[in-house]
Amino acid sequence: MVDRNGWGRDRPAPTGAPHSPPASFVEQANVSDADVYAAFEDDWPDCWERAAALLSWDEAYDTVLEDDDAPFYRWFPGGKLNASYNCVDRHLESGRKTHAAIRWEGKQGERETYTYRDLYVAVNEFAAALRDLGVEADDVVTIYLPMIPELPIAMLACARIGAPHSVVFAGLSADALATRMNSADSEYLITCDGYYRRGDAFNQKSKADNACLALEHDVRTVVVDRLGDELPHVLGDDEWEYHALREAFAGETVAPVSRDAEDMLFLMYTSGTTGDPKGVVHTTGGYLAHVAWTSHAVLDVKPEDTYWCAADIGWITGHSYIVYGPLSLGTTTVMYEGTPDYPDRDRLWEIVDRNAVDIFYTAPTAIRAFMKWGPEYPERYDLSSLRLLGTVGEPISPRPWNWYREHIGGGECPIVDTWWQTETGAVTISTLPGVDDMKPGAAGPGLPGIDVQVVDETGKEVDPGEAGYLTIARPWPGMARTLYDGDERYRTEYWTRFSDPDADEWRYFSGDTACIDEDGYVTVLGRVDDVIDVSGRRLSTMEIESAITDVDGVVEAAVVGRSDGRTGTDIYAYVSTDGNRDATDGVRTAIVDNVETTIGPIATPTEIVFTPELPKTRSGKIMRRLLADIANDEELGDTSALRNPEIVGEIQTESGDR
Ligand code: WTA
């Protein structure tokens with residue numbers, strides 16, 4: 001059963017029955033010609049000019065790719081452009097001034113619409129204000145804001161004057177903010193007084209103040225007054241109020257600074273497996289070309305669409321697919337401040353219905369929650385405006401995939417399961433919805449021009465169906481250029497393990513494990529660290545989890561290893577079920593049966609602990625490390641990044657009662 005690398009088994013990828021996109025979708029799709037794969041292949045890397053052609057350039061680039069200093073690739077060198085011009089000004093010039101750019105839905109039911117003209121005014125005035133505060137090209141501006149319109153406005157204002165932004169997710173702690181600001185030597189901060197959390201006013205400014213106390217340098221701060229009298233605040237010496245600045249610079253315009261394609265557009269911190277967070281550097285030309293192209297080809301975004309990516313701009317998904325991708329194409333992007341279950345579990349569907357949303361993009365963790373709550377919530381609304389659905393962030397197993405298609409997509413909408421990372425900048429693996437069949441449980445093939453390969457320890461490609469390391473064998477435009485804290489760390493983290501510098505052969509290592517089927521479809525199995533060694537066999541936790549979540553009634557599962565104190569490892573499974581079942585309903589037996597039939601008895605969990613929820617990070621990823629600590633009776637690591645810290649105690653009690 002075990003393949004020669006001891007890696008998973010010899011078996012077809014665990015995908016559900018394939019679906020073809022409906023003819024009505026294909027007919028109108030931005031990309032529907034299957035030759036696109038061959039066209040990219042035959043003309044690589046110049047094929048990426050089609051992505052660059054979606055942008056407006058101030059000066060043409062000299063060449064598409066410069067690779068003489070690999071792995072430090074340069075895309076579209078010599079080209080000049082401005083991201084804020086591409087996302088705002090050019091849509092005014094093409095006669096779309098009154099077209100909605102951002103439709104904002106606030107937590108308390110507030111609504112605001114920014115036309116492209118409104119966005120232009122706001123971005124210009126704020127850019128003028130930032131300049132006046134001293135911000136110059138290449139100064140890193142940190143933005144610590146919740147999902148309010150001032151967040152994309154601030155990002156675009158920075159982009160306009162050539163100042164890279166570093167957005168820190170608003171839910172992160174003062175410590176996390178301070179670490180990131182220190183690491184980037186960031187002397188400017190844009191934050192707010194506070195925001196609503198489940199109806200209560202929550203003080204953000206005091207977190208920002210605490211962070212500033214811990215900094216090694218002085219900071220100038222802009223504060224957005226989100227809560228008014230609800231949360232009065234006093235401005236200190238180096239602090240300015242956003243709306244007052246806008247008034248002071250009312251009507252001012254700032255010429256967009258022409259940036260080199262390889263100049264930094266932004267920094268995005270992501271957690272490393274060890275050490276400090278990594279400041280991933282994205283540049284202007286390649287990043288913008290890649291997000292525009294994938295918004296066009298994968299998300300099928302058209303200017304007349306109302307498009308909604310229900311993520312937070314504090315993470316890469318929101319940067320690429322709430323702000324830069326959709327706005328560069330001149331579409332209407334919906335921005336939602338709240339959570340899916342407040343004030344009720346039908347909130348998202350009410351927004352889809354009222355705005356006639358065409359495209360909806362979210363994470364598997366949200367889809368599993370919708371499935372748990374039941375179909376009655378989406379059934380209350382007319383979701384027939386939806387044409388395409390997307391998912392990102394984690395593997396999605398066939399059951400929630402099918403549920404999503406059935407209950408949100410009316411049994412019709414194609415689904416794109418998009419694999420990518422903070423470091424890849426934009427989508428790198430996905431079906432093209434106007435071209436490819438979909439297989440529930442598999443993301444899809446590498447996009448045209450993206451050379452995805454699954455390899456063994458020695459860097460050799462594995463056979464179809466075998467598990468291995470997910471790598472990309474050629475550079476791509478949206479790729480991170482380096483880490484802010486050093487080229488050496490960038491090289492070591494991503495380019496050392498499977499590259500052969502002497503032969504000038506470079507292979508990006510994603511840190512994920514995966515398998516590829518005969519058709520080239522990739523099923524992501526998890527992170528390299530999500531592997532457990534049972535009696536000398538390496539099993540992917542995601543694979544066991546997929547076998548568990550395929551059981552009727554199971555909503556989510558997380559699997560971790562528990563050391564048995566001698567030499568082996570036991571498999572512990574933490575499982576949450578939908579509202580109607582509990583462990584006595586035979587779910588436990590069904591889980592064991594399904595794991596045994598789909599993987600084998602070697603993967604049968606020693607313990608199955610039922611819990612109402614799994615511990616999640618704020619970006620919605622299951623925190624397996626914490627569950628491993630619980631399973632191993634170890635002192636719990638840092639829980640500050642958890643969205644639902646209260647669940648930890650419940651799981652400990654539940655585990656203790658076994
Ligand atoms: C995981 C989010 C399976 C993967 C855009 C990756 C996925 C990490 C998928 C990056 C997917 C993302 N299927 N796993 N469709 N999309 N991942 O940097 O482990 O927050 O390495 O970027 O999420 O997370 P990040």
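Only this structure's heavy atoms are used, side chains among them; waters, hydrogens and symmetry mates stay out. For ligands, and for the atoms within them, numbers begin at 1 and follow the listed sequence.
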Is any side-chain heavy atom of Met479 closer than 4.5 Å to one of Ile472?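 Counting from C-beta outward, Ile472 and Met479 never come under 4.5 Å.
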
Check this for me, if you would: do Lys616 and Glu556 make a salt bridge, where the nitrogen-to-carboxylate-oxygen distance has to be below 4.0 angstrom?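 Looking at Glu556 together with Lys616, the answer is yes, because their closest N to O distance falls below 4.0 Å.
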
Between the side chains of Asp578 and Lys372, is the shortest nitrogen-to-carboxylate-oxygen separation below 4.0 Å, so that they form an ion pair?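 No.
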
Between the side chains of Thr424 and Tyr508, does any donor sit under 3.5 Å from an acceptor?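 Distance-only check fails for Thr424 and Tyr508.
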
So, Ser320 versus Tyr287: side-chain donor-acceptor pair below 3.5 Å or not?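 Yes, a side-chain donor-acceptor pair sits under 3.5 Å.
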
Judged on heavy-atom distance to [atom], which of [options] sits nearest?
| atom | options | result |
| --- | --- | --- |
| atom 4 (C) of ligand 1 | Asp512, Val528, Leu525 | Asp512 |
| atom 13 (N) of ligand 1 | Met542, Lys621, Glu394 | Glu394 |
| atom 7 (C) of ligand 1 | Tyr321, Trp315, Trp419 | Trp419 |

In terms of residue, atom name and distance, what is the protein heavy atom nearest to atom 10 (C) of ligand 1?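 For atom 10 (C) of ligand 1, the nearest protein heavy atom comes out as Trp420 O, 3.6 Å.
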
Looking at atom 18 (O) of ligand 1, what's its closest protein heavy atom, distance included?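 Nearest protein contact, heavy atoms only, for atom 18 (O) of ligand 1 is Thr422 OG1, 2.6 Å.
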
Between Ala443 and ligand 1, find which residue part has any heavy-atom pair under 4.0 Å and reply side chain, backbone, both or neither.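 It is neither; nothing of Ala443 touches ligand 1.
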
With a heavy-atom distance limit of 4.0 Å, tell me whether Ile316 approaches ligand 1 through its side chain, its backbone, both, or neither.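 Just the side chain.
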
Below 4.0 angstrom from a heavy atom of [X], which ligand 1 atoms are there? Numbered from 1 as shown, please.
| X | value |
| --- | --- |
| Arg527 | 19 (O), 21 (O) |
| Val392 | 5 (C) |
| Gly393 | 1 (C), 7 (C), 9 (C), 12 (C), 16 (N), 17 (N), 23 (O) |

Do [X] and [Y] have their ring centres less than 6.0 Å from each other?
| X | Y | result |
| --- | --- | --- |
| His290 | Trp420 | no |
| His319 | Phe266 | yes |
| Tyr73 | Trp48 | no |

Would you say [X] and ligand 1 have an N/O pair spaced under 3.5 Å apart?
| X | result |
| --- | --- |
| Gln421 | yes |
| Thr317 | no |
| Thr391 | no |
| Val524 | no |

Can you spot which of Tyr490, Trp495, Tyr494, Tyr469 makes a ring pair (Phe, Tyr, Trp, His ring centres under 6.0 Å) with Phe509?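 Exactly one option meets the ring pair (Phe, Tyr, Trp, His ring centres under 6.0 Å) with Phe509, and it is Tyr469.
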
